[in-house]
Amino acid sequence: MAVEVQIPTILRTYTDGAKTVTGSGDTLAALVAELDSHHPGIGERLVDGAELRKFVNVYLNDEDVRFLDGLDTSVADGDVVTILPAVAGG
Amino acid sequence: MLRIRQGLVDSMVSHARNDHPDEACGVIAGPAGSDQPQRFIPMINAARSPTFYEFDSGDLLRLYREMDQNDEEPIVIYHSHTATEAFPSRTDISYASEPNAHYVLVSTRETGSKEGPYELRSFRIVDGEVSEEEVQVAE
């Protein structure tokens with residue numbers, strides 16, 4: 001099962017500069033764990049304990065996973081996951 | 001150094017004035033790798049706050065998709081401070097995640113929404129380190 005994952009500039013140091021990588025997993029949490037096994041360190045930048053990091057937005061196709069089931073969101077073959085750091089400040 | 005056209009500076013300053021006392025925010029996109037800010041994209045501050053700004057997550061996805069299709073990147077990421085100086089706050093530094101972007105701050109603390117002198121400064125924020133840079137404005 002292959003899912004396309006779009007990597008933002010700031011995390012491309014973990015993917016040898018690649019903008020897009022493929023991964024697999026039944027849920028977003030499994031996908032992140034699988035990504036981390038190929039790109040060590042990237043998981044920690046996305047997940048903090050059992051939650052997505054606050055500064056990171058993850059989208060399944062066009063939907064922010066916070067409006068789905070967060071890390072428990074189901075992913076399937078052909079889905080596109082986009083990671084974007086929040087643009088925010090004070 | 002940030003090289004930028006006067007018209008783009010004026011656009012950021014007038015956005016900041018219009019949204020005062022809330023913080024205004026947006027992006028100036030340009031061709032990837034060019035370091036040339038060209039396309040002014042004011043964003044809605046989803047936080048609608050005088051002390052915080054945040055791009056709406058849906059708007060953020062659309063923005064990045066659009067830049068990707070145009071082979072653009074965010075050359076400038078700007079926002080305003082409405083009661084403090086044009087210098088990155090601790091929150092700005094912790095959220096900054098575009099190491100190649102120029103982070104521009106506009107302060108409206110002196111003049112609010114009125115015309116007048118403005119304070120605009122530019123910074124690089126990489127791995128939590130802030131460095132101010134010169135702003136060279138061209139006509």
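No hydrogens, no waters, no symmetry mates; every other heavy atom, side chains included, goes into these values. Proteins get letters first, then strands, A, B, ... in listed order; numbering begins at 1 in each.
A:I10 and A:V21 fall within a single hydrophobic cluster, where Ile, Leu, Val, Met, Phe, Trp and Tyr side chains are chained together by heavy-atom contacts under 4.5 Å. Clustering ILVMFWY residues whenever any of their side-chain heavy atoms sit less than 4.5 angstrom apart, transitively, puts A:L11 in the very cluster that holds A:V58. Residues B:I28 and B:L105 do not share a hydrophobic cluster, defined by chaining ILVMFWY side chains whose heavy atoms lie under 4.5 Å apart. Following chains of ILVMFWY side-chain contacts shorter than 4.5 Å, one can reach B:L2 starting from B:V137, so the two form part of one hydrophobic cluster. Both A:I7 and A:L31 sit in one connected hydrophobic cluster of ILVMFWY residues. Membership requires side-chain heavy atoms under 4.5 Å apart, directly or through other members.
Within the 4.5 Å cutoff, the side chain of A:V87 has no heavy atoms near those of the B:C25 side chain.
Residue B:I93 qualifies as enclosed at atom CD1: its count of foreign heavy atoms under 6.0 Å is above 12.
Residue B:I77 touches chain A through its side chain alone, counting heavy-atom pairs closer than 4.5 Å.
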Donor and acceptor N/O pairs, chain A versus chain B, under 3.5 angstrom:
residue, atom, partner, partner atom, Å
A:K19, NZ, B:D68, OD1, 3.1
A:Y59, OH, B:S57, O, 2.5
A:N61, O, B:R65, NH2, 3.2
A:D62, OD1, B:R65, NH1, 2.5
A:D62, OD1, B:R65, NH2, 3.4
A:D64, OD2, B:S57, OG, 2.8
A:V87, O, B:F55, N, 3.0
A:A88, O, B:Y53, OH, 3.3
A:G89, N, B:Y53, O, 3.0
A:G89, O, B:Y53, N, 2.9
A:G90, N, B:D92, OD1, 2.7
A:G90, O, B:H79, NE2, 3.1
A:G90, O, B:H81, NE2, 2.8

